Protein chains: 2
Amino acid sequence: MKDSGKRVQSKRKIILDAAVQVFSTKGYHNTRMEEIATVAGIGKGTIYEYFDSKLQLFQAMMESSLQIYYNRIDMPKLETLTLEERLSVLFESHITFCRENKDLTRIVFWDTEIWDEDLKDWTYNLRNEKEEKLTGIIQDSIERGEIRNVDAKLLTLLIIGSLGSLWVPITLDDWDISPADMAAQLTDIIMKGIRK
Amino acid sequence: MKDSGKRVQSKRKIILDAAVQVFSTKGYHNTRMEEIATVAGIGKGTIYEYFDSKLQLFQAMMESSLQIYYNRIDMPKLETLTLEERLSVLFESHITFCRENKDLTRIVFWDTEIWDEDLKDWTYNLRNEKEEKLTGIIQDSIERGEIRNVDAKLLTLLIIGSLGSLWVPITLDDWDISPADMAAQLTDIIMKGIRK
DNA sequence: ATAAACTGACCGACCGGTTGGTCGGGTTAT
DNA sequence: ATAACCCGACCAACCGGTCGGTCAGTTTAT
């Protein structure tokens, strides 16, 4: 495997870019080395001049992608900044990054396989239905004057998103906080954040 | 494919349970039908008496898993409940569900493949590092008296989680709200939620 | 009562399609 | 000239799905 020299680096880059494109739309297992080669405009064998194996190519791609993402959303280290300023920078850089790197974003946040179209639709509809219901409930609360005027869809994503990240520590069981307390604190933060 | 009768249903259940176990630890493509059969304590051929194919078995498992999850976290429909009460129920039922169904949770929220151990560790450490940094910043803010006393780790998950769910509408580009506005609203909600 | 016939759930050795990776020979650049 | 680079036909391993055979349990015939 070659790994240094200007020419070599540029060819590696071409292959990595093609890999991002194909892996991100087809998932790891449904991607054929042949296809990456075609997209890169080279022969299959050439890939093996620059990367040892399919897995190693995938890992190299993930590493560079994640490195780019995490460098980008790195929060300013300046001690003088308030938490509010830092959060604002975090959200904005994340959102901008996602807009500018759609393929890459799809891998970083959705490394799943693309199963069958039917299952995809079924899953998507089920989740959408729930999200829309929550958005509706929020919208009602705004109209009834229970909470202040916020973007209901955005708030829905904030809530649904937090559910998605909670499962890791929950299933690991290495947290002293009780489910009831967790729920109470989260509800409290969000309610204080949106109450009139 | 058999599909009715008490005996048939119980055997289907045995196979589905084994499928949850194996698929959730190995991912779809790394799971061998042979292994599901072994875990279920039956022969490989028998699975094909109850399910048409590997994909169909996976889909049946996902459908039943997601159905169980979504039924469980369904928000109370009672009109009399406030948003606060509903959110509280949502969080608590989600957390309890995750605790009680760890294998199943892993599939629903992390349907990814299990790549190589090295990449897993690398990714995990990178994310952890960022999370810990954010938790540290939050902890500092609490100690400096900038915000009220909340569980820093819980707040970190709330924030990181919301990032994870934002990418879908962002990359779809079908939202009239600007990145700056999105970031501002999210920051505003969270800051109002945690300010003293 | 019981032997014979029948049923279908169950099994696992085997088949064949798929695809990651190789390698011998061709092409390009200097 | 020759070294570096590139290629794609080919190989071999892997694994989803098949199918002929087994056997436990049930019904039928005597």
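Please read these numbers as outputs of a predicted model, since none were measured by experiment. Reminder, nothing fancy here: chain letters follow the sequence lines and each chain counts from 1. Just so it is clear, the values below take in all heavy atoms, side chains as well, and ignore hydrogens, waters and symmetry mates.
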Problem set entry | Summary of protein contacts for nucleotides 14-19 of chain D, nucleotide by nucleotide, where a base hit scores B, a sugar-phosphate-only hit scores S (4.0 Å, heavy atoms) | -SBBB-

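- Rounding to whole angstrom units, CD1 of residue A:I47 and P of C:dT22 are separated by 13 Å.
- Annotation: cation-pi pair A:K13/A:Y50 absent, no NZ/CZ under 6.0 Å from the ring centroid and within 45° of its normal.
- Side-chain atoms of A:N71 come within 3.5 Å of backbone N or O of A:Q67 as a donor-acceptor pair.
- The distance from atom CD1 of A:I36 to atom P of C:dG21 is 11 Å, rounded to the nearest whole Å.
- In summary, B:E146 and B:R144 engage in a salt bridge, as defined by a charged side-chain N under 4.0 Å from a carboxylate O.
- Between B:K11 atom NZ and C:dC11 atom C1' there is a gap of 11 Å when expressed in whole angstrom units.
- If you check the side chains of B:T156 and B:T135, you find a donor sitting under 3.5 Å from an acceptor.
- Between the CD1 atom of B:I14 and the C1' atom of C:dC10 there is a distance of 13 Å, given to the nearest Å.
- Remark: the backbone N or O of A:H29 is paired with a side-chain donor or acceptor of A:R32 at under 3.5 angstrom.
- For the pair A:I42 CD1 and C:dT28 C1', the computed distance is 16 Å after rounding to whole Å.
- Tested against B:T82, the residues B:E85, B:R86, B:E84 include a single side-chain hydrogen bond (donor to acceptor under 3.5 Å, both in side chains) partner, B:E85.
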